[in-house]
Amino acid sequence: MKKLIAFFFITMNIGLIQAQNYRDYVAKANSHYTNKDYKSAVEYYEKAFEIEHKSYSDLYNAACAAALNNEDKKAFTWLDLAIDNGYENIAHIKIDSDLKSLHDKKEWKTIIDKLQKRMDILSVNYDKPLQKELLDIYTEDQGIRGEFMKFYKDPNSDKKKIDSIGKLMGKKDSINLIKVIKILDEKGWVGKDVVGAQANQTLFLVIQHSDLKYQQKYLPMMREAVKKGNANAGNLAYLEDRVALREGRRQIYGSQSSRNKKTNKFYISPMIDPDNVDKRRAEVGLGTIAEYAAKMNIEWNLEAYKKELPEIEKLENIK
C-alpha cells in the first residue's frame, strides 16, 4: 500500500510540474509575441505543446506567431489543432491581420471550410438571423479595434491617425450599441445555445465598449446570464472591473490596464487585495495576473505593485 501511495504522489507531482512548465512556456511565448519576437514565441509554444496541446486559444495564438514568422506549415498545423480542440470564432479568424499572410495559400480554404462545417453542425438549432446580425456586429467591433490598437500601441504612431481611427471607432460603436440594446431589451441576454458562443460574446463586447451608464444598466442582466449559463464568467469579470474603475473604485480581477502618459508604459490599474487576485481570477476561469501582464507587455512584480499602488491610484483618481 505504501508503495502505491508513493507512486500516486510521484505521478501527481510530475503532473503538477508539467502543468507549471506548460504555463511558464506559454507565458514566455505570449511575452515574446507581444514584443513582436515571433521566432522566440514559436520556439516557446513548441516547447509547451510537447507537454500538451489541448488549449485552442494557445494553439490559435501560436498559429498567429508562426504566420508572422513565415512558418506557414506550423501555422496551419496549429490552426487545425485549435479547431479540433474547440475553436469556433470564424468571424475573427477571417479578419485577424496576424493571419493575413496565409490567405492566399491553398491550406487556408481547407481550414476555413473545416471550421465552417464544424459551425454548421453546432448551429443547427440556432436563431440564424439573430446569429448573423450579432456576428456582423462582432466583425465591425473587432475589425476597427484591431486597426486602432496597432497604432495605439506603437509609440511612434501619428497622433492624428490615432484620433482619426478613434473617431471612426466611436461612430461604429454607437451604431452597434443601438442594435445590441434592442436585442437585450427585447430578447434578454441570449445564450450560446441560441446564437453560438461567438455571437453571444458580441453582447458583452459591445456593452464593454459603451458609456458607463449603459454598462451600469446591463451589468445586472449579465450577472443573471452568467448564473444561468448564458454568458461567460470571465467576460463578466472584465465588465465588473471596467465599471468599478469608471466609478472611481478599485477593480476586482485585475483585467484592466492603462498607460502612464509620462512614461508611456502600461500598468495594471488599481485593484483590491492584490495578494489574492489569482484566486479570484481562477474562480472565473481567467489565467494568472502574471500571464495577463506578460500578454500586455507589463513587468509584473506583486510587492513592487503594492508599493506603487498609491501613486497608481492618483493617476486614475481612485477614491
Side-chain angles (χ1 to χ4, degrees), residues 20-49 51 53 55-71 74-75 78-79 82 87 89 92-93 95-102 142-157 161-162 165-166 169 205 208-209 234-235 237-238 241-242 251 253-269 271 277-278 281 285-302 304-305 308 312:
Q20 184 59 51
N21 286 341
Y22 177 86
R23 289 194 294 269
D24 289 343
Y25 285 141
V26 168
K28 288 176 181 177
N30 289 338
S31 179
H32 285 298
Y33 187 2
T34 303
N35 288 319
K36 299 182 179 181
D37 180 2
Y38 304 120
K39 183 176 183 295
S40 296
V42 169
E43 289 173 355
Y44 277 109
Y45 281 126
E46 281 185 312
K47 290 179 180 180
F49 298 153
I51 298 171
H53 44 267
S55 169
Y56 67 77
S57 58
D58 292 341
L59 287 160
Y60 181 87
N61 290 337
C64 290
L68 291 166
N69 200 48
N70 299 313
E71 297 186 66
K74 288 178 183 176
W78 287 337
L79 283 176
Y87 183 82
N89 204 334
H92 181 77
I93 196 174
I95 63 172
D96 193 336
S97 59
D98 288 355
L99 300 174
K100 193 173 181 180
S101 65
L102 303 179
Q142 292 297 289
I144 189 66
R145 263 173 182 76
E147 188 177 353
F148 176 81
M149 290 308 293
K150 278 194 297 185
F151 289 96
Y152 180 73
K153 288 186 175 181
D154 184 352
N156 300 314
S157 287
K161 182 68 173 177
I162 295 174
I165 298 174
M169 184 168 67
L205 289 172
Q208 178 81 340
H209 300 149
N235 288 342
Y238 273 73
D241 279 354
R242 185 161 291 192
Q251 61 178 328
Y253 302 97
S255 68
Q256 306 296 300
S257 59
S258 299
R259 183 161 66 180
N260 188 320
K261 293 179 180 178
K262 292 182 180 179
T263 64
N264 219 27
K265 290 184 178 181
F266 282 88
Y267 60 88
I268 305 293
S269 296
M271 59 180 162
V277 66
D278 281 343
R281 289 175 67 87
L286 297 177
T288 67
I289 195 71
E291 290 168 344
Y292 169 71
K295 287 181 182 178
M296 299 300 296
N297 200 23
I298 297 172
E299 293 183 10
W300 175 253
N301 180 291
L302 177 60
Y305 178 82
E308 295 166 1
I312 294 175

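Given the structure is predicted, the values throughout are model-derived calculations rather than measurements. Note that the numbering runs from 1 along the sequence shown for the chain. Just so you know, these numbers use all the heavy atoms, side chains as well, and skip hydrogens, waters and symmetry mates.
Judged by distance alone, the side chain of D98 and the main-chain N or O of A65 form no donor-acceptor pair under 3.5 Å. With D241 contributing its side chain and Y253 its backbone, the two residues share a donor-acceptor pair below 3.5 Å. A side-chain donor-acceptor contact under 3.5 Å links Q251 to the backbone of Q256. In this structure, the side chain of T34 does not engage the main chain of M296 through any donor-acceptor pair within 3.5 Å.
Between Y22 and A48, the closest heavy-atom pair is CD1-O, 3.3 Å. Of all non-hydrogen atoms in G254 and V277, the two that sit nearest each other are N-CG2, 4.3 Å. Contact record, A75 with L102: CB-CD1, 3.9 Å, taken as the closest heavy-atom pair.
With rounding to the nearest 0.5 angstrom, the CD1 atom of I51 is 10.5 Å from the CZ atom of R23. To the nearest 0.5 Å, the span separating CD on E291 from CG on D24 amounts to 8.5 Å. Here the OG atom belonging to S255 is positioned 10.0 Å from the CE atom belonging to M271, to the nearest 0.5 angstrom. The structure places NE2 of H32 at 11.0 Å from CG of N297, a figure rounded to the nearest 0.5 Å. Taking CZ of F148 as the reference point, atom CE of M169 lies at 4.5 Å (rounded to 0.5 Å).
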Please assess I312 against S269 for the test side-chain contact (heavy atoms from CB on, under 4.5 Å), listing each intermediate value before the final yes or no.
CA-CA 7 Å; I312 294 175; S269 296; 5.7 Å; no

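Listed by chain and number, the residues in a side-chain contact (heavy atoms from CB on, under 4.5 Å) with N61 are N30, Y33, Y45 (sequence neighbours excluded). In this structure S101 satisfies the side-chain contact (heavy atoms from CB on, under 4.5 Å) test together with A67, sequence neighbours excluded. H53 meets the side-chain contact (heavy atoms from CB on, under 4.5 Å) test with F49, L59, L81; sequence neighbours excluded.
The shortest side-chain heavy-atom distance between L79 and I93 falls under the 4.5 Å cut-off. Put simply, the side chain of S31 does not reach to within 4.5 Å of the side chain of Y44, judged on heavy atoms. Contact of the K28 side chain with the K47 side chain is not registered, since no non-hydrogen atoms from C-beta on lie closer than 4.5 Å.
Classification of the Y292-Y238 ring pair by plane angle, with boundaries at 30° and 60°, yields perpendicular. Ring geometry, Y87 versus Y56: the interplanar angle exceeds 60°, so the pair is classed perpendicular (tilted spans 30 to 60°).
Side-chain contact check for N89 and Y60: no donor-acceptor pair (N or O, by modelled atom type) lies under 3.5 Å.
Under the 4.0 Å criterion applied to side-chain N and carboxylate O atoms, E43 and K39 are assigned as salt-bridge partners.
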